[in-house]
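What follows is one structure encoded as structure tokens, with my remarks underneath.
Quick note: residue numbers are just sequence positions, from 1.
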Amino acid sequence: MSAPPPRKKSKWDKEDEQDRAAAELDRKRAAVAARLAREKDLAGREPASSRGSSAALASPLRNGAADGGSDAGSAGGSRRVTPGQPVPRARRPKRGRAAHPLLDSCRSVYSYERLNEIEEGSYGIVFRARCKSTGDIVALKKLKMDKEKNGFPITSLREIQTLMSVPHENIVRVREVVVGDTLTQVFIVMDFVEHDLKTLLANMPTPFLASEIKTLMLQLLSAMAACHDNWIIHRDLKTSNLLMNNRGQIKVADFGLARTYGDPLGDMTQLVVTLWYRAPELLFGATEYTTAVDIWSIGCIFGELILREPLLPGRGEIDQVNKIFKLLGRPTDEMWPGSRKLPNAKSFNVDAAQPYSSLSRTFRYLTQAGLDLIQKLLTYDPEKRITAEEALRHPYFTESPLPKDASLFNSFPSIANGEKKTTLASPSAPERAAGGYDFV
């Protein structure tokens, strides 16, 4: 029988060969470093008498270098050579990448096996993938760079920089950045999380319990407190950007609109935060804003966790403001000083809005402490709005029922993981026979 034709090498084979070559190069470098260390140690242990003889032996070698011999001390000054040892080569100064060992190239995306597509957003496409070397399941976010004219997208730079500068158990972790064959194929490798809260709220058979909502809110507030302590504003908090694993742990994701701020605040764009979660100061056209815009979004998420539907689903900016007025009442000068002087204030008919709040009627089953918390989260004046640190200490989280341990949460089928909801087989109800009597 004839031998089968040789298999054509794929990109994955080339990657394996490159990895083996790199490992062999690292092994050789380690061996050379160990040999040099031994030589240096032996030279340091020589007695004074032998040092003189070594210098005498090295001297004719240096003289012979002028006659075409090897020069043992041409680089870095004279070098001692003991009898029976080979003359070491001259060291060359490190240049380029060798001089900066911390600067390493990105791995190839072909180090991962793509499993399925999870979702596509404005700034990238997210896939579920498996690492070939470790077997870990990860999320691969391919950045959209086809239409980029100014190099690497600033939103992706901000996302990578923010996620790597604020390590927190409730913030999604960036593992590495990998690349493909072209300059437009750049991927962010992150931990895979099974669910996002928006999809979970729409598909879960029963709503979250009060104790579970407290646990989720504590995790979200803790993550935002860490961001704000590090002078970072998220600027796009919503349920679809909150991931949740099957162990009841929240992970804040999608930091594409996040940015650092300082004092003074500097120039910041007003077109941030998804409309349903946008704070009133942004809708009124404020030129400066603070971390209070994230707190307003958290208040909207709090209401959505209770109602299982968006709290303020406006069809446009005017309708969004009208829904806020209907929920919280008309803002007065005492409630929000200076609001009438904001650029977009004249676009809204503030005087025609109802003067009272309907929060207690909307959340009729929420305790008094819970109503107080959501009212402080959804305060008109950003200066009076509660902070994440203050919200973590609110009495709502210490009253009964206490927050549930995250490990006790129920698990749900993960759409991102390719799982489908399972239905148990059940017998049908008895059917009425033809011409028979009705059931009584």
_Suppose we call two aromatic rings close when their centres sit under 6.0 Å apart. Are Phe363 and Phe302 close by that rule?_
no
Would a distance-only check, ignoring hydrogens and angles, find a side-chain to backbone donor-acceptor pair under 3.5 Å from [X] to [Y]?
X: His168; Y: Cys227; answer: no
X: Ser297; Y: Val293; answer: yes
X: Lys326; Y: Ala353; answer: no
X: Gln375; Y: Asp372; answer: no
X: Asp405; Y: Ser407; answer: yes
X: Asn116; Y: Phe127; answer: no
X: Lys214; Y: Tyr396; answer: yes
X: Glu113; Y: Arg130; answer: no
X: Thr215; Y: Ser211; answer: yes
X: Ser222; Y: Leu218; answer: no

*Under the side chain to side chain donor-acceptor pair (under 3.5 Å) test, residues paired with Arg247 that sit two or more places apart*: none
Salt-bridge contact [X]-[Y] (side-chain N to carboxylate O under 4.0 Å):
X: Arg235; Y: Asp294; answer: no
X: Asp381; Y: Arg385; answer: no
X: Glu304; Y: Lys238; answer: no
X: Glu317; Y: Arg278; answer: yes
X: Lys141; Y: Glu159; answer: yes

Should we say atom [atom1] of [X] is surrounded by more than 12 heavy atoms from elsewhere, each under 6.0 Å from it?
X: Arg340; atom1: CZ; result: yes
X: Ile318; atom1: CD1; result: no
X: Met164; atom1: CE; result: no

The criterion is side-chain contact (heavy atoms from CB on, under 4.5 Å); which residues satisfy it with [X], sequence neighbours excluded?
X: Thr134; result: Cys131, Asp136
X: Glu334; result: Thr332
X: Leu342; result: Phe284, Ala286, Trp336
X: Arg315; result: Asp319

*Leu312/Ile324 under side chain to side chain contact (heavy atoms under 4.5 Å, CB included): CA gap, chis, key distance, verdict*: CA-CA 7 Å; Leu312 300 166; Ile324 293 175; 3.8 Å; yes
*Given salt bridge (charged side-chain N to carboxylate O under 4.0 Å, His left out), test Arg330 with Asp351 step by step and report yes or no.*
CA-CA 7 Å; Arg330 179 175 62 233; Asp351 295 328; 5.1 Å; no
_Does anything in residues 354-370 form a side-chain hydrogen bond (donor to acceptor under 3.5 Å, both in side chains)? List the pairs, not counting sequence neighbours._
Thr367-Glu399
Distance from [X] atom [atom1] to [Y] atom [atom2], nearest 0.5 Å?
X: Ile386; Y: Lys384; atom1: CD1; atom2: NZ; result: 14.5 Å
X: Leu197; Y: Leu305; atom1: CG; atom2: CG; result: 6.0 Å
X: Glu390; Y: Leu377; atom1: CD; atom2: CG; result: 10.5 Å
X: Thr239; Y: Leu311; atom1: OG1; atom2: CG; result: 11.5 Å
X: Met244; Y: Ile250; atom1: CE; atom2: CD1; result: 6.0 Å
X: Thr291; Y: Trp296; atom1: OG1; atom2: CH2; result: 15.0 Å

*Show the numbers, then the answer: is there a side chain to side chain contact (heavy atoms under 4.5 Å, CB included) between Phe397 and Leu221?*
CA-CA 12 Å; Phe397 297 110; Leu221 288 167; 3.8 Å; yes
Non-hydrogen atoms of [X] and [Y] that approach each other most closely:
X: Leu371; Y: Leu366; value: N-CD2, 3.6 Å
X: Thr269; Y: Tyr289; value: O-OH, 2.6 Å
X: Ile295; Y: Ala388; value: CD1-N, 3.6 Å
X: Asp229; Y: Glu389; value: OD2-OE2, 3.3 Å
X: Lys251; Y: Glu169; value: NZ-O, 2.8 Å
X: Tyr261; Y: Ile232; value: CE2-N, 3.6 Å

*Audit row: Asp236, His234, side chain to side chain contact (heavy atoms under 4.5 Å, CB included) steps and yes/no*: CA-CA 6 Å; Asp236 197 21; His234 188 281; 4.0 Å; yes
_side chain to side chain contact (heavy atoms under 4.5 Å, CB included) between Ser165 and Thr260, worked out_ = CA-CA 11 Å; Ser165 61; Thr260 56; over 6 Å; no
*Mind running salt bridge (charged side-chain N to carboxylate O under 4.0 Å, His left out) on Arg128 and Glu117 for me, showing each step along the way?*
CA-CA 6 Å; Arg128 188 172 69 99; Glu117 181 178 335; over 6 Å; no
*Can you check whether Tyr112 reaches Arg107 side chain to side chain, under 4.5 Å on heavy atoms?*
yes
